[in-house]
Enquirer: 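Sending over a structure as structure tokens; questions will come in a sec.
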Protein chains: 2
Amino acid sequence: MSRRKAPGEPGRTTIRDVARRAGVSVASVSRVLSGTYPVSDELRRKVLTVVRELDYVTNAHASSLAGGGTPTVAVLINDITGAAFTHVAKGVESAASLRGWLTLVGTTGDDPERELALLRLMRRQGVAAVILLGGAYDHDAYQLRMARFARSLDAAGSHLVLVGRPPLEGEVPATTVDYDNEGGAYAMASHVLSAGHRRVLVLPGHAELTTAQGRLRGARRAFETYGVPFDPGLVRHGYYDYEHGYGAVEESLRQRETFTAVLAGTDVVAAGAARALRAAGLRVPEDVSVVGYDDIPLAGQLTPQLTTVHVPYEEMGRAALRAVADRRQGGGRRRGGDAAHLVLGTHVVVRQSVGPPGAGGDHVRAPSVT
Amino acid sequence: MSRRKAPGEPGRTTIRDVARRAGVSVASVSRVLSGTYPVSDELRRKVLTVVRELDYVTNAHASSLAGGGTPTVAVLINDITGAAFTHVAKGVESAASLRGWLTLVGTTGDDPERELALLRLMRRQGVAAVILLGGAYDHDAYQLRMARFARSLDAAGSHLVLVGRPPLEGEVPATTVDYDNEGGAYAMASHVLSAGHRRVLVLPGHAELTTAQGRLRGARRAFETYGVPFDPGLVRHGYYDYEHGYGAVEESLRQRETFTAVLAGTDVVAAGAARALRAAGLRVPEDVSVVGYDDIPLAGQLTPQLTTVHVPYEEMGRAALRAVADRRQGGGRRRGGDAAHLVLGTHVVVRQSVGPPGAGGDHVRAPSVT
DNA sequence: TTGAAAGCGTTACCAC
DNA sequence: GTGGTAACGCTTTCAA
């Protein structure tokens, strides 16, 4: 960061400059500024005056090295632009700054290499915790990689927190803050089924993504409960984006599949699906019902307003930070199996995108009138 | 960060541990790891082996203090959740990580106190720059506060970068990365006027926000160019949110104001406006045209797809980081007036939300058929 | 209540 | 090419 001070260079003002100018010791300046030690009013006044005059701020690196410093947490996110987890980041940041902590962010772009590099980078910073946001692609290597991360951070006196994905298997020193993903999907699917729908197009997300898997499981469970046969042919996997929603519906329509409702993996996917339906001359919800997941602001802004599953993203962020703070207050790591697992609730938000089954599958030929 | 190592505590492994175990000097380990110095293959091999065995990572604070370390930039944003500037943040972060730099984020929530606190905090971190995102509320105090920030950062060897707001007045050591806000508004308004609209409801944003001011100026200029009288009564100020768009249109309709188009300050405001129109039984664009500003993904996802002004947000973020990097490569601050000012272009994206004037103002009574 | 001085873990200079 | 070692700027014992 700061190059070695060149002879001529002014040199950032240091605690020594302040001490000298105030005619006190370096230790006294430190004590006044950190406020963790009794000092005379006289001394405080002298020091603060000089601090203001010189516009002095302590060097965070030096103070961290010496054992003081601002606790910092790192948030690792796939795409800072993705609506849902942005809210988690906000929750983390707000809770952090409430405590005077700092938040570092990094984006991984779903690349394990970058994830690893960032993790190392953050570990170097001596962060109190690394908070990983969002569902994970659960390949074979995933569990091992995460376990290694967790242990490595733990050994460095830091901690791994997983937000929005299931806990790791086995005895791994990591904390998980998750939401009832499957339960939300179950409730959402139930809502659709109880409206009378039987043929529903399911767009759970990418097949290897933990969130998609949970949402699909929840949906299947609802079908079982309702005694409705689940047609795997009506499931289409894909990324959580608008294009996937649009494309999947378009293709289904083209293949003359019959369905009266779309169970989308996220609100954004639902938005894409709804638009594809409209482009085909179908109305939502008169001809086809559409539901989403996440309850991001977009859900309330679409026409018709989207019925969806509310996920307490911001609260999850706050909970994650709280977990970290509690943990380090509790005297750092505990011995042995040092895992914690939190699950927050989800619930269906009923808006306007679900109606009774409309065209009943005839919609492939022509929009029906309700 | 790290408490003083307690006697019993294992103590994070340090460079000395590595050196001892590899049977080499501390200096050699440093050289191998930083890679900024020639070392024998033999030495490198020995060191790297031990590093892997011990899962050692350097302490970033120590290395910063000693003159090495990862450059870090701070991004300060009002609301991490707001779509547009989230893209700037992404641009900054991606450009930063491309160079191996770190990105710190803080959210100010439009609170000057918090902004100040964060600035100090970031300055302590020895960041290469503090990048302030988004339009500013240009009160009397604003210019002075910013000038002070700029000088304070400059004195600390850091630098202030303003993104998405006009440059500061006078000789202030700050860099500005702005976009042609007024020009975009001018083009957008021109587009609407040339479609034949004469009575247009203008929702530029909060009256004191620099972006809103620019957008309003651009619109007025277009009216002048087209020789169309500008009715200040059709201007409604408010925050850049969905509710404002909805509320403003609703109120205008209630007051029986006549207009055939809505010039919204942002895409989100436009979304709210469109919904209010639809709620009143008016169609977009057949009865009333609606345009936005920003060109966030939402714009393409609304029905009808929104005609809007494209702002190269992500590119602005990258440009901001580039400016910082160039600057420090160029040997740090230059003497004297050390300001730079960049303006990126904007352009209208024509989609589907503008048509010829429809109801011609009659829409207050009943939706007309086109 | 205050001051002096010993670290904290790296880097970079200066010898060899 | 490699090894000592003096900074870097701060916090915190330990003494006074």
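In what follows, every chain begins at residue 1, and chains take the letters A, B, ... in the order their sequences are listed. When reading the values below, keep in mind they use all heavy atoms of this one structure, side chains included, and skip hydrogens, waters and symmetry mates.
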Enquirer: Nearest to the A:Ala27 side chain among C:dT2, C:dA5, D:dG9, which nucleotide is it?
Expert: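 From the listed options, C:dA5 comes nearest.
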
Enquirer: For residues 18-34 of chain B, which residue pairs pass the salt bridge (charged side-chain N to carboxylate O under 4.0 Å, His left out) check, not counting sequence neighbours?
Expert: B:Asp17-B:Arg20, B:Arg21-B:Glu53

Enquirer: According to the salt bridge (charged side-chain N to carboxylate O under 4.0 Å, His left out) rule, which pairs have a member within residues 58-77 of chain A, sequence neighbours left out?
Expert: none

Enquirer: Tell me: CZ of A:Arg12 to P of D:dC8, nearest whole Å?
Expert: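 That distance rounds to 13 Å.
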
Enquirer: Does NZ or CZ of A:Arg322 come closer than 6.0 Å to the centre of the six-membered ring of A:Trp101, within 45° of the ring's axis?
Expert: no

Enquirer: Between D:dT12, D:dC10, D:dT2, spot the one nearest the side chain of B:Val39, thanks.
Expert: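 For the B:Val39 side chain, the nearest candidate turns out to be D:dT2.
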
Enquirer: I need the CG-P distance between A:Leu65 and C:dT11, as an integer number of Å.
Expert: 11 Å

Enquirer: Whole angstrom is fine here: how far is it from CD1 in A:Ile15 over to P in C:dC8?
Expert: 19 Å

Enquirer: Are A:Thr14 and D:dG9 close enough that a side-chain N or O sits under 4.0 Å from OP1 or OP2?
Expert: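 No.
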
Enquirer: Rounding to a whole Å, what distance do you find between A:Asp41:CG and C:dT1:C1'?
Expert: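 In whole Å, C:dT1 C1' lies 12 Å from A:Asp41 CG.
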
Enquirer: Round to the nearest Å and state the distance from A:Asp17 atom CG to D:dG9 atom P.
Expert: 9 Å

Enquirer: Any donor-acceptor pair under 3.5 Å between the side chain of A:Arg31 and the base of C:dG3?
Expert: yes

Enquirer: Please classify the nucleic acid contact of A:Ser30 as base, sugar-phosphate, or nothing, using heavy-atom distances under 4.0 Å.
Expert: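 Here A:Ser30 touches the bases of the nucleic acid.
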
Enquirer: Ignoring the backbone of A:Ser40, work out which of D:dT2, C:dT2, D:dC10 is nearest its side chain.
Expert: C:dT2

Enquirer: Using whole Å, what does the distance between atom C1' of nucleotide C:dT11 and atom CZ of A:Arg124 come to?
Expert: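 It works out to 15 Å between those atoms.
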
Enquirer: Among D:dG3, C:dT10, D:dC10, which nucleotide sits nearest the side chain of B:Arg16?
Expert: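 In terms of side-chain proximity for B:Arg16, the closest of D:dG3, C:dT10, D:dC10 is C:dT10.
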
Enquirer: So B:Thr107 and A:Glu93, side-chain hydrogen bond (donor to acceptor under 3.5 Å, both in side chains) or not? Walk me through it.
Expert: CA-CA 7 Å; B:Thr107 59; A:Glu93 200 279 338; 2.5 Å; yes

Enquirer: Just to be sure I understand the rule, does B:Val26 reach a base, reach only the sugar-phosphate, or reach nothing, if contact means heavy atoms closer than 4.0 Å?
Expert: base

Enquirer: Side-chain N or O of B:Ser28 versus OP1/OP2 of D:dG3: is the shortest distance under 4.0 Å?
Expert: yes

Enquirer: Between B:Tyr37 (OH) and C:dA12 (C1'), how many Å, whole number?
Expert: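 Nearest whole value for this atom pair: 9 Å.
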
Enquirer: Look at B:Asp55 together with A:Arg123 and state whether they make a salt bridge at an N to O cut-off of under 4.0 Å.
Expert: yes

Enquirer: Which whole-number value in Å describes the distance from B:Leu33 CG to C:dG9 P?
Expert: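 For the pair B:Leu33 CG and C:dG9 P, the rounded distance is 16 Å.
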
